[in-house]
Amino acid sequence: QVQFVESGGGLVQPGGSLRLSCAASGSIRRFYAMGWYRQAPGKQRGLVASITSGGSTSYANSVKGRFTISSDNAKNAVYLQMNNVKPGDTAVYYCNLYLPVDGYWGQGTQVTVSS
């Protein structure tokens, strides 16, 4: 059974930075790709960034150039470095497979961008 636990969220001012972490209970090496997702109030959850087991990355247009996804297979962890954050980045952030499995969603971590 796989579990993902997200951490690192908080309150940050516009233009600031945060680093989110996702810890997997099992080895993530066997997963083809992982993704960070976010859900803002009243909106559907959507993919923000993804990374393959080979390290190839992809980003939503809204975060391209500001967010960086990375992984540490030895630590079974995936990270999301968020720079120059904007109020529109306010959401609960989750990690899951690139093709998400419903049973793998964790509690997420809240990111609030506000002055």
>> Quick check on the hydrophobic clustering: are Val92 and Tyr79 connected, directly or via other members, by side-chain heavy-atom contacts under 4.5 Å?
In response: no

> Is there a path of hydrophobic side-chain contacts, each under 4.5 Å between heavy atoms of I, L, V, M, F, W or Y residues, that connects Val5 with Tyr93?
Replying inline: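 Each belongs to a different hydrophobic cluster.
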
Flag side-chain contact, heavy atom, 4.5 Å: [X] against [Y]:
X     : Y     : value
Tyr98 : Leu47 : yes
Ser17 : Val12 : no
Leu18 : Val85 : no

So, [X] side chain and [Y] main chain: donor-acceptor pair closer than 3.5 Å or not?
X     : Y      : value
Thr90 : Val113 : yes
Tyr59 : Ser50  : no
Asn96 : Val101 : yes
Glu6  : Cys95  : yes

Going from [atom1] on [X] to [atom2] on [Y], what distance comes out if it is rounded to the nearest 0.5 angstrom?
X      : Y     : atom1 : atom2 : result
Met82  : Thr68 : CE    : OG1   : 11.0 Å
Leu80  : Ser71 : CG    : OG    : 12.5 Å
Phe67  : Leu20 : CZ    : CG    : 8.0 Å
Gln110 : Arg38 : CD    : CZ    : 12.0 Å

>> Please give me the minimum heavy-atom distance between Ser115 and Pro14, naming the atom from each residue.
In response: N-CD, 3.7 Å

> Considering all heavy atoms of both residues, which atom of Leu11 and which atom of Ser114 are nearest to each other, and what is their separation?
Replying inline: CD1-CB, 4.1 Å

>> If we check ring-ring contact (aromatic ring centres under 6.0 Å, His included) with Tyr94, which of these qualifies: Tyr37, Trp105, Trp36?
In response: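 Of Tyr37, Trp105, Trp36, ring-ring contact (aromatic ring centres under 6.0 Å, His included) with Tyr94 is met by Trp105 alone.
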
